[in-house]
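Working notes, structure below.
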Amino acid sequence: MDTESYRILLVEDEPVIQELVSSMLGGEIRGRNVELRVVANGAEAVPAAKRMLPDLVLLDIVLPSLDGIAVCRLINADPALGHTRVCMLTARASARDHQDAEAAGADAYVEKPFKGMDLIELVENLLTGEAFR
């Protein structure tokens with residue numbers, strides 16, 4: 001992990017959520033710069049992650065071209081992305097969705113709508129090695 005910055009990949013197709021998360025997580029987290037990149041569909045997510053080698057992927061479930069559960073599985077299966085944490089950030093709230101995300105290897109699950117401070121706290125904890133659901 002780069003000691004100068006945290007790398008976060010946001011995989012989200014809704015422009016409003018892209019802007020909201022970008023404004024919340026832009027800048028610094030616990031004294032380290034944040035490099036945030038955004039892709040808008042599942043097909044772009046894994047190639048972007050392989051180029052970026054993010055510390056954290058914030059991943060919607062409902063995406064064009066490839067759903068977030070499949071993307072999560074692909075990220076977790078790639079040895080080059082072994083250090084990458086995955087947090088589902090989605091409006092899908094059923095118990096089945098939670099189970100599918102956990103089975104795919106997600107480290108956390110946040111339902112939309114979310115509170116900004118809750119997301120920031122979760123991201124900080126994931127980036128510093130604390131995982132919880």
Side-chain angles (χ1 to χ4, degrees):
M1 184 184 305
D2 181 349
T3 59
E4 299 297 318
S5 65
Y6 289 119
R7 293 173 308 276
I8 300 174
L9 177 63
L10 173 62
V11 185
E12 172 63 58
D13 61 327
E14 294 292 330
V16 172
I17 302 295
Q18 291 173 356
E19 289 180 33
L20 177 65
V21 172
S22 294
S23 69
M24 288 176 12
L25 299 179
E28 289 188 358
I29 292 179
R30 294 192 180 171
R32 288 172 60 178
N33 292 327
V34 173
E35 176 188 346
L36 180 72
R37 293 192 186 158
V38 179
V39 296
N41 68 62
E44 295 176 23
V46 175
K50 287 182 178 186
R51 285 189 305 274
M52 183 183 192
L53 300 176
D55 301 300
L56 175 64
V57 175
L58 297 173
L59 180 59
D60 195 359
I61 289 179
V62 180
L63 293 165
S65 70
L66 187 64
D67 73 59
I69 298 297
V71 171
C72 185
R73 283 190 183 102
L74 291 168
I75 287 171
N76 282 304
D78 191 319
L81 300 171
H83 74 285
T84 300
R85 309 302 286 274
V86 177
C87 175
M88 306 310 289
L89 183 63
T90 184
R92 303 282 296 262
S94 75
R96 178 63 188 220
D97 294 320
H98 283 261
Q99 292 167 352
D100 290 347
E102 186 172 356
D107 296 287
Y109 197 103
V110 175
E111 295 174 11
K112 298 174 190 170
F114 51 85
K115 293 181 181 175
M117 290 308 299
D118 291 343
L119 180 63
I120 291 168
E121 181 181 348
L122 175 66
V123 167
E124 288 177 348
N125 288 335
L126 287 168
L127 288 171
T128 58
E130 301 169 32
F132 57 92
R133 297 193 198 302

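The heavy-atom pair separating L56 from V86 by the smallest distance is CD1-N, 4.3 Å. Heavy-atom minimum distance, M88 versus A101: CG-CB, 3.6 Å. Listed here is the closest heavy atom pair of S22 and V38: OG-CG2, 4.0 Å. The heavy-atom pair separating P54 from A49 by the smallest distance is CD-O, 3.2 Å.
The structure places NE2 of H83 at 6.0 Å from CG of L53, a figure rounded to the nearest 0.5 Å. Put simply, CD on E124 and CE on M117 are 7.0 Å apart, with the number rounded to the nearest 0.5 Å. Note that CZ of F114 is 4.5 Å distant from CG of L20, once rounded to the nearest 0.5 Å. With values rounded to the nearest 0.5 angstrom, L58 atom CG is found 12.0 Å from T90 atom OG1.
Side chains of V57 and V71 form no contact here, defined as non-hydrogen atoms less than 4.5 Å apart.
Of the options R51, E44, K50, a side-chain contact (heavy atoms from CB on, under 4.5 Å) to P47 is made by R51 and by none of the others.
When atom types are taken as modelled, the side chain of N76 and the backbone of A104 share a donor-acceptor pair closer than 3.5 angstrom. Between the side chain of N125 and the backbone N or O of E121, at least one donor-acceptor pair lies under 3.5 Å. The closest donor-acceptor contact from the side chain of R92 to the backbone of V62 lies at 3.5 Å or more, if one exists at all. Using modelled atom types, one side-chain atom of Q18 and one backbone atom of E12 make a donor-acceptor pair closer than 3.5 Å. Counting only distance, with no hydrogens or angles, the side chain of S65 and the backbone of A43 share a donor-acceptor pair below 3.5 Å. The main-chain N or O of I61 is never found under 3.5 Å from a side-chain atom of D67 such that the two would form a donor-acceptor pair.
The salt bridge (charged side-chain N to carboxylate O under 4.0 Å, His left out) check on D13 picks up nothing, with sequence neighbours excluded.
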Candidate pair L122 and L126, rule side-chain contact (heavy atoms from CB on, under 4.5 Å), full reasoning: CA-CA 6 Å; L122 175 66; L126 287 168; 3.9 Å; yes
Stepwise side-chain contact (heavy atoms from CB on, under 4.5 Å) test for Y6 and T128: CA-CA 10 Å; Y6 289 119; T128 58; 3.7 Å; yes
Pair L25-V123, side-chain contact (heavy atoms from CB on, under 4.5 Å): steps then yes or no: CA-CA 9 Å; L25 299 179; V123 167; 4.2 Å; yes
Stepwise side-chain contact (heavy atoms from CB on, under 4.5 Å) check, N41 with L66: CA-CA 7 Å; N41 68 62; L66 187 64; over 6 Å; no
